Asks: 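Before we start, here is the structure in question, set down as structure tokens.
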Amino acid sequence: MDDVYFPPRELEVMSILWRLGSATVSQVRDELVGELAYTSVLSALQTLEEKGYVRHEAEGRAYRYFAVVEAEHAGGSALARIKDAIFHGSAERMFAQLVSDRGLGREELERMRRLLAERLGEKP
């Protein structure tokens, strides 16, 4: 499960599971943007389960679904693809793009600075 890729609908479903911790088909359906048939949500969850990204447990007459892959693992895989495809393999260019975002507040930038200092073995 090294390279994790989710098409848009599956990513939306996984995002709900990561946020909620677990959910039934109906709960996932209620959280989705836009109307989607129950069977379509069920199909997406079953596909994710077949791929090994989700598991389920019986809960009464319904199933409760749980993410098997961590959001951070999926995020790392997605960032690696973005780094390669958009920034030609350069983490530095990707980082520069990220920190140039004017929407980042001072506190968030300070936390990022501390993470970099830790990574470099420096005292913050």
Side-chain angles (χ1 to χ4, degrees):
M1 207 181 302
D2 287 336
D3 189 33
V4 179
Y5 169 75
F6 298 111
R9 176 67 66 206
E10 290 178 14
L11 180 58
E12 191 175 7
V13 169
M14 289 299 296
S15 179
I16 291 166
L17 292 178
W18 288 323
R19 185 168 36 85
L20 298 179
S22 69
T24 63
V25 176
S26 294
Q27 289 169 329
V28 170
R29 185 174 179 247
D30 291 344
E31 294 289 323
L32 288 169
V33 176
E35 287 294 315
L36 203 60
Y38 180 94
T39 54
S40 297
V41 177
L42 175 61
S43 178
L45 285 162
Q46 289 172 333
T47 298
L48 287 164
E49 189 166 26
E50 288 170 10
K51 292 178 178 180
Y53 300 138
V54 165
R55 69 176 175 81
H56 75 269
E57 293 177 2
E59 184 176 279
R61 292 181 43 181
Y63 285 147
R64 177 160 295 278
Y65 289 86
F66 300 83
V68 173
V69 64
E70 297 292 327
E72 291 76 14
H73 181 74
S77 182
L79 286 175
R81 283 192 306 281
I82 290 168
K83 181 182 75 171
D84 290 343
I86 297 173
F87 298 102
H88 310 291
S90 172
E92 180 182 356
R93 289 179 60 200
M94 187 168 76
F95 177 76
Q97 176 70 37
L98 179 66
V99 297
S100 69
D101 180 350
R102 299 286 180 210
L104 293 175
R106 182 170 185 83
E107 286 182 18
E108 193 165 18
L109 288 168
E110 290 291 342
R111 285 192 302 272
M112 293 168 83
R113 177 186 289 177
R114 284 191 297 276
L115 287 170
L116 283 171
E118 287 174 18
R119 179 75 165 91
L120 292 169
E122 300 172 359
K123 292 183 181 180

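Quick note: numbers below take in every heavy atom, side chains included, and nothing from hydrogens, waters or symmetry partners. Bear in mind the structure is a predicted one, so any value in this text is a computation, not a measurement.
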Asks: Does the side chain of Met14 come within less than 4.5 Å of Val54's, by heavy atoms?
Replies: yes

Asks: What distance do Thr39 atom OG1 and Gln46 atom CD have between them, rounded to the nearest 0.5 Å?
Replies: 10.0 Å

Asks: Atom CG of Leu45 and atom OG1 of Thr24: how far apart are they, to the nearest 0.5 Å?
Replies: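 Result: 9.0 Å between the selected atoms.
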
Asks: So, does Trp18 use its side chain to make a donor-acceptor pair with the main chain of Glu72 at under 3.5 Å?
Replies: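 Not confirmed, Trp18 side chain does not pair with Glu72 backbone.
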
Asks: List the residues meeting side chain to side chain contact (heavy atoms under 4.5 Å, CB included) with Glu12, not counting sequence neighbours, and say none if there are none.
Replies: Arg9, Leu32, Val33

Asks: With a 3.5 Å cut-off and no angle check, do the side chains of Arg81 and Ser77 form a donor-acceptor pair?
Replies: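 Side-chain D/A pair, Arg81 to Ser77: present.
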
Asks: Shared ILVMFWY cluster between Leu36 and Tyr38, side chains joined below 4.5 angstrom?
Replies: yes

Asks: Where do Val28 and Ile16 come nearest, in terms of heavy atoms and distance?
Replies: O-CD1, 3.7 Å

Asks: Using a 4.5 Å cut-off on heavy atoms from C-beta on, say whether the side chain of Leu17 contacts that of Tyr53.
Replies: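 Side chain of Tyr53 against side chain of Leu17, heavy atoms only: no contact under 4.5 Å found.
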
Asks: Is there a path of hydrophobic side-chain contacts, each under 4.5 Å between heavy atoms, that joins Leu79 and Phe6?
Replies: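 Shared cluster, no.
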
Asks: How far does CD of Gln97 sit from NZ of Lys83, to the nearest 0.5 angstrom?
Replies: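 Here the interatomic distance stands at 16.0 Å.
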
Asks: Look at atom CD of Glu110 and say whether more than 12 heavy atoms of other residues, nucleotides or ligands are closer to it than 6.0 Å.
Replies: yes

Asks: Side chains of Tyr65 and Val41: does their closest heavy-atom pair fall under 4.5 Å?
Replies: no

Asks: State plainly whether one hydrophobic cluster holds both Leu42 and Leu20, where clusters connect Ile, Leu, Val, Met, Phe, Trp and Tyr through side-chain heavy atoms under 4.5 angstrom apart.
Replies: yes

Asks: Heavy-atom distance under 4.5 Å between the side chains of Met112 and Leu109, does that happen here?
Replies: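 Counting from C-beta outward, Met112 and Leu109 do come under 4.5 Å.
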
Asks: Under 4.5 Å between any side-chain heavy atoms of Thr47 and Lys51, yes or no?
Replies: yes

Asks: Just checking Tyr63: does its OH atom have more than 12 heavy atoms from other residues, nucleotides or ligands closer to it than 6.0 angstrom?
Replies: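 Counting neighbours around OH of Tyr63, 12 or fewer heavy atoms of other residues, nucleotides or ligands fall under 6.0 Å, so no.
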
Asks: How far apart are the C-alpha atoms of Glu35 and Arg29, what are their side-chain angles, what is the distance that settles it, and do they pass the side-chain contact (heavy atoms from CB on, under 4.5 Å) test?
Replies: CA-CA 8 Å; Glu35 287 294 315; Arg29 185 174 179 247; 3.9 Å; yes

Asks: If you measure from CZ on Arg55 to CD on Glu49, what distance do you get to the nearest 0.5 Å?
Replies: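 Reported to 0.5 Å precision, the distance equals 9.5 Å.
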
Asks: Give a yes or no on whether Val69 and Phe66 share a hydrophobic cluster (residues Ile, Leu, Val, Met, Phe, Trp, Tyr; joining criterion: side-chain heavy atoms under 4.5 Å apart).
Replies: no

Asks: Assigning hydrophobic clusters by single linkage (Ile, Leu, Val, Met, Phe, Trp, Tyr; side-chain heavy-atom cutoff under 4.5 Å), is Val13 placed with Tyr5?
Replies: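 In one cluster: no.
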
